[in-house]
Structures are given as structure tokens and as C-alpha cells.
Amino acid sequence: MDSQAGSRTALVEDLMGRFPDVPREAVIKEDLLRGGMAFDESALSGSTGAGGGEVKPKSYFIFSFDHRTLPELGAAALNRPPEEVVLTGGPYGLRRTVVSVRVNPDSPYRVGAGDDGTLGLYLDGVRIADVGLPPMPDYYRHTLANGKSVMEVAPTIQWGYLIYLTVFRVCQYFGAKEECQYCDINHNWRQHKAAGRPYTGVKPVEEVLEALELIDKHDTARASQAYTLTGGAITSQVGGRDEADFYGQYAKAIEERFPGRWIGKVVAQALPRADVQRFHDYGVRIYHPNFEVWDKRLFELYCPGKERYVGRDEWHRRILDSTEVFGPENVIPNFVAGVEMAAPHGFTTVDEAIASTQEGLRYFMSHGVVPRFTTWCPEPTTPLGKANPNGAPLEYHIRLLQAYRGTLEEFGLSSPPGYGPAGPGKAVFSVSSFMDSLPG
């Protein structure tokens with residue numbers, strides 16, 4: 001979607017110049033998140049094991065977040081890339097910036113060692129930042145009694161801030177007529193099983209508690225501050241439980257065993273108020289009923305299962321209803337930034353896409369609800385990823401950061417809780433730059 005006539009460096013520097021109020025760190029980070037990065041073999045973790053080596057490997061905690069399937073990644077599939085990288089310095093004077101790793105062997109961004117042996121990020125062959133890799137946490141070096149790794153059961157992301165508990169690895173919205181058109185949760189499960197990797201479909205409560213015991217014991221610096229309970233949508237039951245009780249049972253067990261140790265969050269569908277109340281009663285403190293994409297037509301096309309079972313208007317009503325249970329500041333719906341411009345149905349200009357997305361931001365923020373967003377990664381096994389391998393234009397993502405901050409200021413709101421510190425050089429949220437772009 002971006003012009004291929006010039007270099008990526010020219011595009012990035014042009015946007016830095018046109019939007020000086022958006023931190024330079026965010027421009028680079030958004031470009032890496034939407035288009036991925038390549039790795040020299042020297043920059044890979046060097047370990048297929050979850051607890052070996054010195055670098056924390058990518059855990060594939062819910063989606064693949066890659067631009068190729070595992071069989072197509074070559075060395076990066078065998079020697080796992082790091083979970084995240086941290087960028088500093090370089091010609092743009094980057095402040096500390098944590099970026100989730102999305103592998104793309106064809107990316108103009110490459111992580112590799114320089115002549116002095118230190119790792120750097122190279123764009124169009126020029127080193128633009130120093131690269132730091134996440135150290136292997138002590139708790140990853142321990143296993144559960146049944147031999148499973150902590151990384152398999154309770155991986156951590158955001159430089160250790162968040163424990164990501166994908167306790168249901170598949171989604172009951174299944175097939176072309178129900179699956180969200182940008183989501184590869186079901187394929188990600190299939191590809192890991194096909195590769196012989198451990199990838200538990202439903203994680204027993206006891207295993208989650210055992211993994212958390214290891215994290216609590218060995219995370220002596222108390223880097224982990226929150227956990228997220230999530231997984232696929234449940235339209236019927238799993239283990240005899242509906243969605244609120246299935247995910248809620250984990251929160252209840254965690255809060256009973258570790259009262260107040262972590263901020264409890266759950267990503268689930270927009271459920272009726274009685275179900276939302278159950279989440280709160282079980283100990284969840286932040287609720288993420290993701291609205292995915294604002295535009296009505298695109299929601300119906302991109303989220304056919306959610307439209308069929310709930311419907312967009314009812315979804316939004318339930319989001320606002322849930323504020324009466326959790327409080328507006330603790331209801332934080334996500335949207336997938338960039339799918340607004342996915343061909344063939346999306347907006348064809350950045351102006352139109354930003355106007356639509358900002359309409360949604362204003363709708364929720366006017367009720368005290370602060371959404372957050374994940375930068376769309378066009379995974380190749382999804383319908384939208386196949387049709388849009390380059391994702392959305394970088395300009396869209398930069399202008400979205402500008403619109404997000406402006407709308408937040410318009411309604412006198414601040415960054416949502418449960419995401420760590422805000423501000424360039426401080427943020428740890430790794431799958432979009434919204435926290436990097438807000439005042440610290």
C-alpha cells in the first residue's frame with residue numbers, strides 16, 4: 001500500500017518530519033509492528049527449549065504475529081526469535097522502546113550483529129538502533145511437576161510486566177462464516193501441533209496455579225504486575241462451563257491463592273451484565289470486551305461470528321453496560337488498528353479510515369471508556385492477511401496515534417490502567433505504540 005518507489009527510510013523520515021508531535025520511537029515501532037523484522041541467525045535465541053539459553057524466546061502466546069507460517073520461517077522456526085526487542089540510540093536518538101517481535105524474512109528491517117559484535121537494527125542496510133534482547137527469566141528455567149514449561153503455561157510479555165494466560169487456545173467461532181477475518185488463533189494452534197510443539201488446547205487450572213507459583217517465587221524483582229485471562233470465544237460451553245464461568249474459574253483460583261499479587265484482567269466477548277458481574281465477583285478488575293473495528297459494515301464483514309451471535313449494536317451496548325460493574329476506567333476494549341484499510345472492503349484513503357476510527361474513539365471516550373489497540377499484523381493464513389500482505393499504510397498508524405492522543409485530551413482522560421507506564425522511553429506495552437505516544 002505504501003509507495004515502493006522510494007526506500008523505507010525515506011518514508012519513515014518523511015512521516016517523522018510531517019508529524020513531529022508523534023515520537024520518533026513510535027514511528028519506527030509502528031512500522032516494525034505492521035511489517036515485521038528479519039533476523040540474522042546470530043540474533044536468534046539459539047534454543048528450541050523454553051528454559052535454555054540466555055534469551056527469552058518468542059512464546060506464540062495467542063496468535064502467530066508472523067508474516068510467514070512456521071514451515072516458511074526456516075531458521076527462525078527452529079531457533080526461536082526473541083519475544084521482544086528493546087531499541088535505543090542510533091541516528092534518531094531513540095529512547096528505550098519495547099517492540100513485540102513479528103518475523104518477516106522479507107522486511108527491510110533486519111536484526112543482526114555489527115562489526116563489533118553488538119546487535120543492531122538495520123533499515124535499508126543502515127544501522128538505526130542498538131538492540132537489546134530480553135534475558136531468560138529465572139522462572140522459565142523451571143518446569144511444572146508434569147514436565148511442562150512455565151513458558152507454555154504462563155508466558156510473560158511486555159518485558160515481563162504481563163503474564164499472558166491463553167487458557168483456551170482455540171475459538172468456537174470456526175470456519176469462514178464465523179472466524180474474524182484477521183485472526184489466526186485457530187491456525188496458530190494447528191501449526192504448533194503440526195510442528196510437534198507443546199501447545200495445550202485447554203490449560204487446567206491446577207497447571208496455571210503451579211506456573212504462577214514458580215513466577216511468584218522466582219520473580220524477585222516483581223517485574224510481573226498483571227495477568228490477562230483470554231482465549232477463543234465460547235459460544236456454547238467448554239468443560240461444562242459458559243464463557244463467564246470458564247474464564248472466571250481461573251480468576252477465582254488465582255485470587256484465592258495469590259490475593260492482590262497481580263492486577264487481574266480478562267479478554268472476553270461483550271457479555272450480558274449478569275455475566276460481567278460474575279467476572280467481577282471472581283476477582284477480575286479489568287475487562288476487555290474488544291470491539292475490533294468501528295465501522296458497521298466492516299464489523300459485519302470482518303467479524304461474522306460476533307455479528308451473528310451478538311451483533312455490533314448489542315456489543316456496544318454491553319460494553320457501556322459493563323462500566324456499571326467495573327467502572328468506566330476499567331473497561332478497556334481493544335480494536336485491531338489497520339484492518340479499516342484492508343482491501344477489498346476497507347477504506348481506500350487514510351482520511352476516511354482515521355475519521356471512522358476517531359468516531360469510535362469519541363463514542364467510547366465520551367462515556368469515560370478508553371479503548372486501546374493492537375497494530376494489525378497481516379498473518380498469511382487469514383483472509384485479510386492473504387489479500388493485504390503489506391498491511392495498512394504507515395501514515396494511517398501514525399495519524400491514529402495523533403488522533404488517539406487528541407481524543408483522550410478532548411475528554412480529559414488519561415492512559416488506561418494495567419498497561420504499565422506511559423511515555424516514550426518508559427512504555428512496555430509492545431503490540432502497539434499508543435502507550436509510547438502518551439505523556440509520561
Side-chain angles (χ1 to χ4, degrees), residues 2-20 22-46 53-58 65-68 73-76 79-136 159 375 377 390-391 393-395 397-398 401 423-433 436-437:
D2 296 319
S3 171
Q4 300 300 311
S7 69
R8 185 66 69 84
T9 302
L11 171 67
V12 166
E13 293 185 346
D14 174 66
L15 290 167
M16 286 178 175
R18 289 169 55 201
F19 301 100
V22 174
R24 289 183 167 192
E25 293 83 358
V27 177
I28 297 292
K29 181 170 175 174
E30 287 299 310
D31 207 17
L32 288 167
L33 290 172
R34 79 184 182 108
M37 62 186 85
F39 285 84
D40 287 352
E41 287 198 42
S42 62
L44 297 171
S45 70
E54 298 303 316
V55 176
K56 183 183 187 182
K58 181 169 177 171
F65 282 135
D66 283 336
H67 291 252
R68 297 288 185 276
L73 286 181
N79 273 352
R80 293 194 184 198
E83 185 75 79
E84 294 151 332
V85 295
V86 64
L87 309 178
T88 53
Y92 304 119
L94 300 182
R95 289 161 287 189
R96 185 179 186 273
T97 306
V98 180
V99 187
S100 178
V101 166
R102 299 174 174 186
V103 183
N104 181 359
D106 297 327
S107 173
Y109 292 92
R110 178 179 58 84
V111 177
D115 293 338
D116 61 357
T118 62
L119 285 183
L121 177 68
Y122 294 78
L123 174 58
D124 296 327
V126 176
R127 186 172 176 128
I128 64 166
D130 297 329
V131 171
L133 302 179
M136 183 73 76
W159 220 256
T375 301
C377 177
N390 295 320
L394 180 56
E395 182 177 338
H397 293 286
I398 303 313
L401 293 171
K426 302 175 184 177
V428 295
F429 187 68
S430 58
V431 294
S432 84
S433 303
D436 303 77
S437 303

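Quick note: numbers below take in every heavy atom, side chains included, and nothing from hydrogens, waters or symmetry partners. Bear in mind that the values here come from a model prediction, so they are computed numbers and not experimental data.
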TODO: To the nearest 0.5 Å, tell me how far Tyr92 OH sits from Leu123 CG.
DONE: 6.5 Å

Task: Heavy-atom closest contact (Val98 atom, Lys29 atom, distance) - done: O-NZ, 2.8 Å

Task: Partner residues of Asp130 under the salt bridge (charged side-chain N to carboxylate O under 4.0 Å, His left out) criterion, sequence neighbours left out - done: Arg127

Task: Flag side-chain contact, heavy atom, 4.5 Å: Val99 against Met37 - done: yes

Open item on the list: Testing the basics here: between Leu401 and Ala26, what is the closest heavy-atom pair and its distance to 0.1 Å?
Closed with: CD1-CB, 3.7 Å

Task: Partners meeting side chain to side chain donor-acceptor pair (under 3.5 Å) with Thr375 (sequence neighbours left out) - done: Glu30

TODO: Taking the side chain as every heavy atom from C-beta outward, state whether Leu73 and Pro105 have any atom pair closer than 4.5 Å.
DONE: yes

Task: Pairs where residues 107-117 contributes a residue and the test salt bridge (charged side-chain N to carboxylate O under 4.0 Å, His left out) is met, not counting sequence neighbours - done: Asp40-Arg110

Open item on the list: Quick check: do Ile28 and Tyr109 have side-chain heavy atoms less than 4.5 Å from each other?
Closed with: yes

Task: Rounded distance (nearest 0.5 Å) linking atom NE2 of His67 with atom CG of Asn390 - done: 9.0 Å

Task: Residue list, salt bridge (charged side-chain N to carboxylate O under 4.0 Å, His left out) with Arg95, at least two apart or on another chain - done: Glu25

TODO: Nearest 0.5 Å please: distance from the OG1 atom of Thr9 over to the CG atom of Asp124.
DONE: 3.5 Å

Task: Contacts of Asp106 that satisfy side-chain contact (heavy atoms from CB on, under 4.5 Å) - sequence neighbours left out - done: Arg68, Asn104

Open item on the list: Using a 3.5 Å distance criterion without hydrogens, assess whether the side chain of Arg80 forms a donor-acceptor pair with backbone atoms of Lys58.
Closed with: yes

Open item on the list: With rounding to the nearest 0.5 angstrom, report the CD to CD1 distance, Glu13 to Ile128.
Closed with: 9.5 Å

Open item on the list: So which atom in Gly36 and which in Ser107 form the shortest heavy-atom distance, rounded to 0.1 Å?
Closed with: O-OG, 2.8 Å

- [ ] Report the C-alpha distance between Val101 and Val111 in whole Å, list the side-chain angles of each, state the deciding distance to 0.1 Å, and finish with yes or no for side chain to side chain contact (heavy atoms under 4.5 Å, CB included).
- [x] CA-CA 11 Å; Val101 166; Val111 177; over 6 Å; no

Task: Pair listing, salt bridge (charged side-chain N to carboxylate O under 4.0 Å, His left out) test, anchored in residues 423-432, at least two apart - done: none

Task: Backbone N/O of Ala427 and side chain of Asp436: donor-acceptor pair under 3.5 Å - done: no

Open item on the list: Let's go through Leu394 and Leu15 carefully: what are the C-alpha distance in whole Å and the side-chain angles of both, what is the deciding distance for side chain to side chain contact (heavy atoms under 4.5 Å, CB included) to 0.1 Å, and is it a yes or a no?
Closed with: CA-CA 8 Å; Leu394 180 56; Leu15 290 167; 3.5 Å; yes

TODO: Find out whether Leu121 and Val85 are in side-chain contact, i.e. whether some heavy atom of one side chain is under 4.5 Å from a heavy atom of the other.
DONE: no

Task: Any residue meeting ring pair (Phe, Tyr, Trp, His ring centres under 6.0 Å) with Phe39, in chain and number order, not counting sequence neighbours - done: none

Task: Non-hydrogen side-chain atoms of Asp31 and Val12 separated by less than 4.5 Å - done: yes

Task: Exercise: identify the closest heavy-atom pair between Ala129 and Leu94 - done: CB-CD1, 3.9 Å

Open item on the list: I'd like to check the side-chain contact (heavy atoms from CB on, under 4.5 Å) partners of Ser100; sequence neighbours left out, ordered by chain and number.
Closed with: Leu33, Ser430, Val431

Open item on the list: Using the side-chain contact (heavy atoms from CB on, under 4.5 Å) criterion, which residues pair with Pro134? Sequence neighbours excluded.
Closed with: Val55, Lys56, Pro82, Trp159

